[in-house]
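Hydrogens, waters and symmetry mates are skipped; everything else that's a heavy atom, side chains included, is used. Along the sequence shown, residues carry numbers from 1.
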Amino acid sequence: MRGPSMCRNIRTLHNFEPPATRDEVHGAALQYVRKISGSTQPSQANADAFARAVEAVSAATHRLLDELVTAAPPKNREVEAVKARERSAARYSTG
């Protein structure tokens with residue numbers, strides 16, 4: 001997992017081959033809870049509530065991914081990563 005930056009975008013997890021892993025779903029849930037709480041690390045007083053929220057969001061995400069249907073073919077992770085790097089390079093080029 002990455003450092004405590006709250007700027008990381010939550011990535012699409014639906015319709016990939018291989019499917020999203022539990023770690024990817026948990027990471028997205030953690031990032032979501034961090035973003036809406038405004039905290040990368042909860043205080044000791046809020047740690048339990050924070051952990052419960054991450055687990056609830058993770059469970060809801062698993063259910064959602066299990067129930068979504070599509071006629072589109074699954075996306076290839078490597079191909080999508082190359083496309084994302086190309087978009088980023090074009091966006092941030094100084095040319």
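- Taking CG of Asn46 as the start and OG of Ser39 as the end, the distance is 8.0 Å to the nearest 0.5 Å.
- Residues that satisfy the side chain to side chain contact (heavy atoms under 4.5 Å, CB included) test with Ala90, not counting sequence neighbours, are absent from this structure.
- Shown here are the side chain to side chain donor-acceptor pair (under 3.5 Å) partners of Lys83, two or more places apart in sequence or in another chain: Glu80.
- Expressed to the nearest 0.5 Å, how far NE2 of His14 lies from NZ of Lys75 amounts to 7.0 Å.
- Closest heavy-atom contact between Pro74 and Asn15: CA-OD1, 3.3 Å.
- Under a hydrophobic clustering in which Ile, Leu, Val, Met, Phe, Trp and Tyr are joined whenever their side-chain heavy atoms come within less than 4.5 Å, directly or via other members, Val57 and Ile36 fall into the same cluster.
- Residue-environment remark: OH (Tyr32) stays at or below the threshold of 12 foreign heavy atoms within 6.0 Å.
- Among all heavy-atom pairs drawn from Ser58 and Ala29, the shortest one is N-CB, 3.6 Å.
- Closest non-hydrogen pair, Ala20 versus Val25, comes out as CB-CG2, 4.2 Å.
- To the nearest 0.5 Å, the span separating OG1 on Thr40 from CD on Gln31 amounts to 9.5 Å.
- Judged purely by atom type and a 3.5 angstrom limit, Asn76 has no side-chain atom pairing as donor or acceptor with the backbone of Glu17.
- Applying the salt bridge (charged side-chain N to carboxylate O under 4.0 Å, His left out) rule to pairs touching residues 37-61 yields nothing, sequence neighbours excluded.
- Inter-residue side-chain proximity for Arg77 and Pro18 is flagged as met; some heavy-atom pair is nearer than 4.5 Å.
- In the hydrophobic cluster analysis, where Ile, Leu, Val, Met, Phe, Trp and Tyr join through side-chain heavy atoms closer than 4.5 angstrom, Ile10 is grouped together with Val54.
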